[in-house]
Amino acid sequence: MLVTTTNTVEGKRVVKYIGLVTGETIIGANLFKDIFAGIRDIVGGRSGSYEQVLREAKNRAVSEMQQYAAAMGANAVIGVDLDYETVGSGGSMLMVTASGTAVVLED
């Protein structure tokens with residue numbers, strides 16, 4: 001299924017707008033990742049463990065959104081937006097939401 005942040009797809013015409021679809025995921029980072037990320041913050045550099053958690057959360061949210069779109073009869077999701085928020089005590093959990101418009105593109 002095509003997923004794009006744009007509202008149009010070059011060379012394709014939207015033949016049917018189905019509606020809004022979303023996918024959400026909330027994922028926690030474990031204590032050890034928090035400790036090592038804190039050390040990274042002090043000494044500098046990238047936090048590979050947090051980057052991996054972010055990628056995993058995004059992929060889950062987008063996958064869930066695609067599943068909903070397919071169940072509605074769509075073959076694409078356009079105008080996709082990704083939102084990231086921290087939730088929980090002290091921001092210990094990461095929430096990622098993917099939303100877009102489920103559509104049917106011409107073949």
Side-chain angles (χ1 to χ4, degrees):
M1 172 174 296
L2 177 66
V3 175
T4 180
T5 58
T6 62
N7 292 320
T8 59
V9 176
E10 188 174 340
K12 296 285 186 178
R13 187 173 59 88
V14 174
V15 295
K16 183 178 182 183
Y17 288 88
I18 297 174
L20 177 68
V21 287
T22 62
E24 302 85 16
T25 188
I26 297 177
I27 193 163
N30 71 33
L31 178 62
F32 296 111
K33 287 181 185 177
D34 290 341
I35 291 169
F36 290 120
I39 293 169
R40 279 263 188 218
D41 286 344
I42 294 168
V43 298
R46 294 173 60 169
S47 175
S49 59
Y50 272 126
E51 289 174 358
Q52 179 59 34
V53 169
L54 276 171
R55 269 192 295 280
E56 182 181 333
K58 178 202 51 115
N59 290 341
R60 285 184 186 181
V62 170
S63 178
E64 183 177 291
M65 180 187 65
Q66 288 176 293
Q67 290 173 13
Y68 286 130
M72 297 169 73
N75 66 359
V77 182
I78 61 173
V80 173
D81 181 53
L82 297 171
D83 291 311
Y84 297 85
E85 292 289 331
T86 55
V87 295
S89 61
S92 62
M93 311 262 318
L94 174 69
M95 178 178 70
V96 179
T97 303
S99 60
T101 303
V103 298
V104 175
L105 296 175
E106 67 185 353
D107 289 328

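Residue numbers run from 1 in the order of the sequence given. Worth saying up front: this structure is predicted, and the values here are computed from it rather than measured.
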Trainee: Which distance, rounded to the nearest 0.5 Å, do you find between the CG of L2 and the CG of N75?
Mentor: 8.0 Å
Trainee: Which heavy atom of V104 sits nearest to which heavy atom of A74, and what is that distance?
Mentor: CG2-CA, 4.2 Å
Trainee: To the nearest 0.5 angstrom, please state how far the CE atom of M65 sits from the CE atom of M1.
Mentor: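 Output value for this atom pair is 8.5 Å.
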Trainee: If you compare all heavy atoms of A57 against all heavy atoms of V96, which two are closest, and at what distance to 0.1 Å?
Mentor: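 The pair with the smallest heavy-atom distance is CB-CG2, 3.5 Å.
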Trainee: Starting from L94, can I reach V62 by hopping between I/L/V/M/F/W/Y residues whose side chains sit under 4.5 Å apart?
Mentor: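 As far as the 4.5 Å side-chain criterion goes, L94 and V62 are connected within one cluster.
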Trainee: If hydrophobic clusters are built from ILVMFWY residues whose side chains come within less than 4.5 Å, do Y68 and V103 share one?
Mentor: no
Trainee: Do the side chains of M93 and M95 join up, straight or via other hydrophobic residues, at under 4.5 Å, putting them in one cluster?
Mentor: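 Looking at the clustering, M95 is in the same group as M93.
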Trainee: For a quick test of your reading: what N or O donor-acceptor pairs under 3.5 Å do the side chains of residues 7-27 make, sequence neighbours left out?
Mentor:
residue: T22; atom: OG1; partner: E24; partner atom: OE2; Å: 2.8

Trainee: What residues form a side chain to side chain donor-acceptor pair (under 3.5 Å) with T5, not counting sequence neighbours?
Mentor: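 Testing T5 for side chain to side chain donor-acceptor pair (under 3.5 Å), a comparison that skips the adjacent residues, returns none.
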Trainee: What's the spacing between T97 OG1 and L82 CG if we round to 0.5 Å?
Mentor: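 Those atoms lie 9.0 Å apart.
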Trainee: If you look only at pairs with a residue in residues 64-87, which of them pass as a salt bridge (charged side-chain N to carboxylate O under 4.0 Å, His left out), with sequence neighbours excluded?
Mentor: none
